[in-house]
K.L.:
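The following block contains the structure, expressed as structure tokens.
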Amino acid sequence: MTRPDVPTAPDADRSAERDRGYVPQAIEPRWQQEWERSGQHRVDLEDGSREKHYFLTMFPYPSGNLHVGHWYAETPADAAARFRRMRGANVFFPMGFDAFGLPAENAAVQAARRGEDVHPARLTRERIRTMTGQFARMGAMFDWSRTLATCEPEYYRWNQWFFLKAYEKGLAYRKESYVNWDPVDRTVLANEQVIDGRGERSGALVERRLMPQWHFKITDYADELLDFSGLDWPERVRTMQTNWIGRSEGAEVAFEIDAGGEIRTFTTRPDTLWGATFLVLAPEHPRVATVTTDDRRSEVEAYVAEAARMSELDRQAEGREKTGVFTGGYATRPVDGARIPIWVADYVLVTYGSGAVMAVPAHDERDFAFARRFGLEVAPVVQPHGVAPLDGATMTEAWTGGGTMMASGPFDGTPTGTELGEEGGIAKVIRWLEERGIGERKVTYRLRDWLISRQRYWGTPIPMLYCDACGTVPEREENLPVVLPEDVAFMPTGESPLKSHEAFQAATCPSCGGPARRETDTMDTFMDSSWYWFRYLAPDAIDGPIDRNRVAAWTPVHTYTGGIEHAILHLLYARFFTKMIRDLGLISADEPFLRLRNQGMILGEDGEKMSKRRGNVVDPDDLVARYGADAVRAYLMFIGPWDQGGPWNPKGIEGVVRFLHRVWALIEDPAREGGPDATEEAVADLRRAAHTAVAEVTDDLEGFRFNTAVAELMTLQNAMAKLKSRSLAEHAAWDESVRLLLLLLAPITPHLAEELWHRRGYDGSVHLQSWPEVDEEALRTATAELVVQVNGKVRGRITVDADADDATVLTAAKEEANVARYLEGGTLRREIVVPGKLVNLVVSS
RNA sequence: GCCGGGAUGGCGGAACGGUAGACGCAGUAGACUCAAAAUCUACCGGGGAGACCCGUGCGGGUUCGAAUCCCGCUCCCGGCACCA
């Protein structure tokens with residue numbers, strides 16, 4: 001067989017290599033260079049001849065090194081993308097870097113403390129270079145001609161542009177918001193950075209601080225975000241987002257206050273309104289001061305101050321006993337005019353609903369605990385079915401279920417819930433409240449507006465200015481980008497260098513031309529990742545953030561893969577952003593990603609999360625040096641279901657390495673003496689093995705079941721090795737099987753498949769071939785072995801013609817010696833034949 | 001507490017309601033070797049001499065037939081958590 005030269009490998013090396021068998025270290029870099037040279041991964045986005053498939057995998061933060069988790073996320077995704085391409089699609093599979101973020105800035109701050117000079121920009125760019133080099137060794141089909149890094153002004157200027165458009169539409173706004181403030185590092189911390197109420201790095205007690213902050217109005221889209229129709233997303237992710245949005249239906253009810261005015265409360269149980277025996281305000285509620293009487297003032301103020309000192313985390317600590325103080329003020333229960341006391345307690349959150357609740361201790365666990373603690377009245381107004389009448393004085397827990405309304409004026413005897421379409425007490429009370437102007441139907445969400453301000457340096461500057469004459473003014477579009485200055489000195493305190501950067505802050509008001517100050521807050525980095533997939537399609541576009549034609553042709557993204565840890569934040573923001581820019585008229589799609597698949601987490605050998613501290617980190621570079629990229633890829637796919645992740649088993653990869661060596665030997669080594677002749681039966685067995693593998697691997701890759709795809713390839717290798725013989729190796733069926741094996745291996749072990757493909761003398765890249773079709777004829781067998789059960793237990797096996805009819809099968813089954821024993825003396829009640837599988841004879845004695 | 005997901009050999013895991021344990025790891029025996037490694041071959045859930053019996057977290061049920069479907073539990077993992 002002719003063996004055309006494999007590119008860039010001198011013949012001498014080649015023959016030496018051949019003697020050594022499978023040497024991935026020799027073949028992998030060669031093919032990586034060849035693919036790069038031939039431009040195999042550069043996609044023609046304008047190609048209209050094939051089905052387009054945008055296959056996206058979440059871009060990484062440039063942490064400095066690719067770890068095995070990146071390989072676990074990206075190489076199976078690559079296999080799925082390669083599979084799509086072989087199935088005929090024009091696949092766009094880009095990669096870039098989510099390059100803004102805290103770690104790089106923290107490194108700069110820490111360096112500043114040591115008196116050293118590290119700049120996040122320099123550090124990040126360096127890390128991107130390192131990681132790009134490491135990425136090349138994966139053998140993935142990333143189209144690097146369209147990469148991007150979000151920290152570059154060419155990218156983030158469009159963050160600013162989107163921000164301005166959102167601001168124009170009223171979707172970006174500034175309001176006072178409570179944040180976690182670290183007094184030592186002098187910055188706001190994300191919730192994840194607050195551990196047990198203390199700043200992660202400084203160890204300082206985090207304070208709740210009210211600060212003016214920029215927000216996006218994601219809550220405007222709450223209802224639309226609850227709609228997942230048309231999306232092929234894991235149930236788990238949809239549920240998590242649904243819970244996060246937390247839609248609650250109920251009523252808003254106004255309570256008049258003795259001190260004047262009213263306080264609005266939200267409740268999901270307006271049917272319990274007659275049982276509201278007190279009101280509770282959050283400590284931050286604006287009316288606290290005005291309802292408090294003078295004799296209670298010092299106590300209330302002390303309580304409010306104490307609450308302000310505590311972090312939200314501490315306030316919500318599990319099992320914490322309820323605290324609160326009486327304000328001295330009273331409100332009027334609007335349904336019957338009863339006067340009820342007003343309390344302040346930190347179990348009421350200012351950020352939810354209206355920051356005030358009507359407490360119904362008889363029917364709400366939290367209110368019940370509070371009432372008992374402080375000796376407040378418990379008044380049952382819903383009587384559950386089938387139990388003794390509730391008594392507020394002796395109840396030991398709240399009754400939160402349904403029942404019959406009582407002590408509720410006109411509603412006595414009304415059932416609370418809706419039974420079989422009948423309107424229940426909840427709906428009836430709401431209508432009654434609306435008729436009287438006391439309250440109204442209201443939907444509340446747990447979701448809060450997206451706080452995008454960060455008092456940090458390494459992010460996108462928010463393009464707003466503050467002018468003494470004009471107030472808050474947006475930067476002009478033509479002045480973008482507002483460039484993040486790089487001539488900055490990092491403070492050991494951690495304070496953003498922008499706050500002391502005079503040249504950055506001093507600006508001209510775009511409105512009046514007078515002096516103005518620039519906003520020094522930067523944007524949350526989730527902003528960067530909320531639209532990056534549009535930018536990949538035209539990363540160099542300078543007249544707008546996106547290329548509308550390409551976006552129309554290529555989005556929504558057909559397949560998106562990434563870690564489950566982004567189930568809420570990134571994926572929810574991305575959906576919101578897509579809807580927002582749709583409403584800005586830029587795109588027409590409603591959703592960013594049609595099909596979503598999540599991979600699990602790869603753990604250390606000890607089953608724990610990999611960390612330097614534990615010393616259980618597996619370095620992919622070491623593995624590649626030792627076993628080759630293909631072995632690492634195949635093992636990561638083989639380890640188990642992709643969405644489950646699992647512990648790294650250093651012995652496990654050895655099994656996959658052995659498999660790859662066997663594949664090499666199977667195809668490259670001459671057949672030994674002996675082995676089966678190329679009989680009709682052997683040929684049929686071989687073709688059946690190969691085409692079964694085609695069917696199974698196709699199905700598995702379609703369904704992201706990489707583990708069973710690899711197992712199926714191992715099965716094929718085993719079958720071929722058993723059948724391999726001198727006479728069969730001459731047969732066309734052997735060639736066919738080798739060809740199929742290589743095509744099926746191509747997405748999983750791209751280098752090995754390519755090398756052997758060329759060694760077998762096939763033209764062109766294996767990766768540009770069509771995915772094989774199953775020959776149904778080859779799957780057929782002449783005979784079938786059936787299991788014969790008697791009363792559901794296996795008692796024998798029979799071999800019959802594959803197309804034998806039921807009567808023939810049953811006769812053969814009953815004649816089987818062991819089966820006959822069990823039939824003796826009994827009465828045959830039923831005969832079940834599952835074609836090609838089994839026979840079950842039901843006998844009673 | 002609420003919402004998801006899970007529990008199968010010594011281990012990772014397979015299994016359209018139809019032969020439980022594919023594939024691999026580890027292990028046992030053998031071949032090759034002076035020996036070892038590598039490689040190859042066979043075995044590899046438990047009990048039993050055997051026919052067989054038992055076996056997919058636990059208890060019920062549906063079915064000719066259940067790891068798979070239904071009901072009720074236990075435990076583990078993940079997310080959310082005083083959201084009125």
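Per chain, numbering begins at 1; letters A, B, ... match sequence-line order. We use all heavy atoms of the structure for the numbers below, so side chains are in, but hydrogens, waters and symmetry mates are not.
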K.L.:
Is there a side-chain contact between A:N707 and the phosphate of B:G12, meaning an N or O under 4.0 Å from OP1 or OP2?
P.N.:
no

K.L.:
Starting at CG of A:L279 and ending at P of B:A84, how long is that distance when rounded to a whole Å?
P.N.:
17 Å

K.L.:
So, does A:K793 get its side chain near the phosphate of B:C54, meaning an N or O under 4.0 Å from OP1 or OP2?
P.N.:
yes

K.L.:
Which base sits across from B:G4 as a Watson-Crick or G-U pair, both distances under 3.5 Å?
P.N.:
B:C77

K.L.:
Please tell me which of the listed nucleotides, B:G24, B:G13, B:C64, lies nearest to the side chain of A:V842?
P.N.:
B:C64

K.L.:
Just say parallel, tilted or perpendicular for the rings of A:W343 and A:F374, cut-offs at 30° and 60°.
P.N.:
tilted

K.L.:
Base of B:U39, side chain of A:R658 - is there a donor-acceptor contact under 3.5 Å?
P.N.:
no

K.L.:
For B:C53, does OP1 or OP2 lie under 4.0 Å from any side-chain N or O of A:R795?
P.N.:
yes

K.L.:
Expressed in angstrom and rounded to an integer, what is the separation of A:L571 atom CG from B:G79 atom C1'?
P.N.:
14 Å

K.L.:
Scan A:L279, A:V280, A:V325 and name whichever one has a side-chain contact (heavy atoms from CB on, under 4.5 Å) with A:V344.
P.N.:
A:V325

K.L.:
Please check the phosphate of B:A81 (OP1 and OP2 only) for any side-chain N or O of A:R446 closer than 4.0 Å.
P.N.:
yes

K.L.:
In this structure, how many angstroms lie between the P atom of B:G13 and the CE atom of A:M714, rounded?
P.N.:
15 Å

K.L.:
Measure from the side-chain heavy atoms of A:R236 and tell me the nearest of B:A84, B:G78, B:A26.
P.N.:
B:G78

K.L.:
Measure from the side-chain heavy atoms of A:Q789 and tell me the nearest of B:A22, B:G18, B:A14.
P.N.:
B:G18

K.L.:
When all nucleic acid strands are considered with a 4.0 Å heavy-atom cut-off, which category describes A:D367: base, sugar-phosphate, or nothing?
P.N.:
nothing

K.L.:
Can you check the A:D700 CG to B:G13 P distance for me, whole Å?
P.N.:
17 Å

K.L.:
Between B:C3, B:A51, B:C25, which one does the side chain of A:K651 approach most closely?
P.N.:
B:C25

K.L.:
With under 30° as parallel and over 60° as perpendicular, where do the rings of A:Y573 and A:W450 fit, or are they tilted in between?
P.N.:
parallel

K.L.:
Closest nucleotide of RNA chain B for A:P647 versus for A:M358: which of these residues is on the 5' side?
P.N.:
A:P647

K.L.:
Side chain of A:N243: nearest nucleotide among B:C3, B:C23, B:C52?
P.N.:
B:C3

K.L.:
Select base, sugar-phosphate, or nothing to describe what A:Y822 touches, counting heavy atoms under 4.0 Å on all strands.
P.N.:
sugar-phosphate

K.L.:
Looking only at the side chain of A:Q644 (C-beta and beyond, no hydrogens), which of the listed nucleotides B:A84, B:G13, B:C23 gets closest?
P.N.:
B:G13

K.L.:
Nearest to the side chain of A:P641, which nucleotide is it out of B:A14, B:G18, B:A51?
P.N.:
B:A14

K.L.:
Determine which nucleotide pairs with B:A29, using a 3.5 Å limit on both distances of a Watson-Crick or G-U wobble pair.
P.N.:
B:U41

K.L.:
To the side chain of A:I832, which of B:C52, B:G18, B:A84 is closest?
P.N.:
B:G18

K.L.:
Under the 6.0 Å and 45° cation-pi test, does A:R633 pair with A:W71?
P.N.:
no

K.L.:
Taking for each residue the nucleotide of RNA chain B bearing the nearest heavy atom, is the 5' side occupied by A:G652 or by A:N791?
P.N.:
A:G652

K.L.:
Within this structure, what is the CG-to-P distance between A:L447 and B:C80, rounded to whole angstrom?
P.N.:
14 Å

K.L.:
Could you tell me whether B:G9 is syn or anti, where syn means a glycosidic angle within 90 degrees of zero?
P.N.:
syn

K.L.:
When we call it a touch if two heavy atoms are under 4.0 Å apart, what does A:K322 touch: a base, just sugar-phosphate, or nothing?
P.N.:
base

K.L.:
Please state whether the rings of A:Y347 and A:F370 are parallel, tilted or perpendicular, taking 30° and 60° as the class boundaries.
P.N.:
tilted

K.L.:
Counting side-chain heavy atoms from CB outward, which of B:A84, B:C3, B:A22 is closest to A:T239?
P.N.:
B:C3

K.L.:
Which part of the nucleic acid does A:V656 contact within heavy-atom distance under 4.0 Å: base, sugar-phosphate only, or nothing?
P.N.:
nothing

K.L.:
Using side-chain heavy atoms (C-beta onward) and a distance below 4.5 Å, is A:N818 in contact with A:Y822?
P.N.:
yes

K.L.:
Would you call A:R247-A:D223 a salt bridge at under 4.0 Å N-O?
P.N.:
yes

K.L.:
Please state how far atom CD in A:E605 lies from atom P in B:C11, giving the value in whole angstrom units.
P.N.:
17 Å

K.L.:
Considering Watson-Crick and G-U wobble pairs with both distances under 3.5 Å, what does B:G48 pair with?
P.N.:
none

K.L.:
A:F368 and A:W399: ring-ring contact (aromatic ring centres under 6.0 Å, His included), yes or no, with the steps?
P.N.:
CA-CA 10 Å; A:F368 184 83; A:W399 170 254; over 10 Å; no

K.L.:
Do the side-chain N or O atoms of A:S248 get closer than 4.0 angstrom to the phosphate oxygens (OP1, OP2) of B:A84?
P.N.:
yes

K.L.:
Phosphate oxygens OP1/OP2 of B:G24: is one of them under 4.0 Å from a side-chain N or O of A:N718?
P.N.:
yes

K.L.:
A:R238 side chain N/O closer than 4.0 Å to the phosphate oxygens (OP1, OP2) of B:G4?
P.N.:
no

K.L.:
Over how many whole Å does the gap from A:N818 atom CG to B:U19 atom C1' extend?
P.N.:
15 Å

K.L.:
Give the nucleotide from the list B:U19, B:G18, B:A84 with an atom nearest to the side chain of A:K837.
P.N.:
B:G18

K.L.:
Hey, does A:D643 reach any base, or is it just sugar-phosphate, or nothing, if we go heavy atoms under 4.0 Å?
P.N.:
nothing

K.L.:
Scan A:V787 against the nucleic acid and name what it touches under 4.0 Å (heavy atoms): base, sugar-phosphate only, or nothing.
P.N.:
base

K.L.:
Answer with base, sugar-phosphate or nothing: what part of the nucleic acid does A:R797 contact at a heavy-atom distance below 4.0 Å?
P.N.:
base

K.L.:
Please work out if A:L838 contacts a base, only the sugar-phosphate, or nothing of the nucleic acid, heavy-atom cut-off 4.0 Å.
P.N.:
base

K.L.:
Could you tell me whether A:R705 contacts a base, only the sugar-phosphate backbone, or nothing, with contacts defined as non-hydrogen atoms closer than 4.0 Å?
P.N.:
nothing

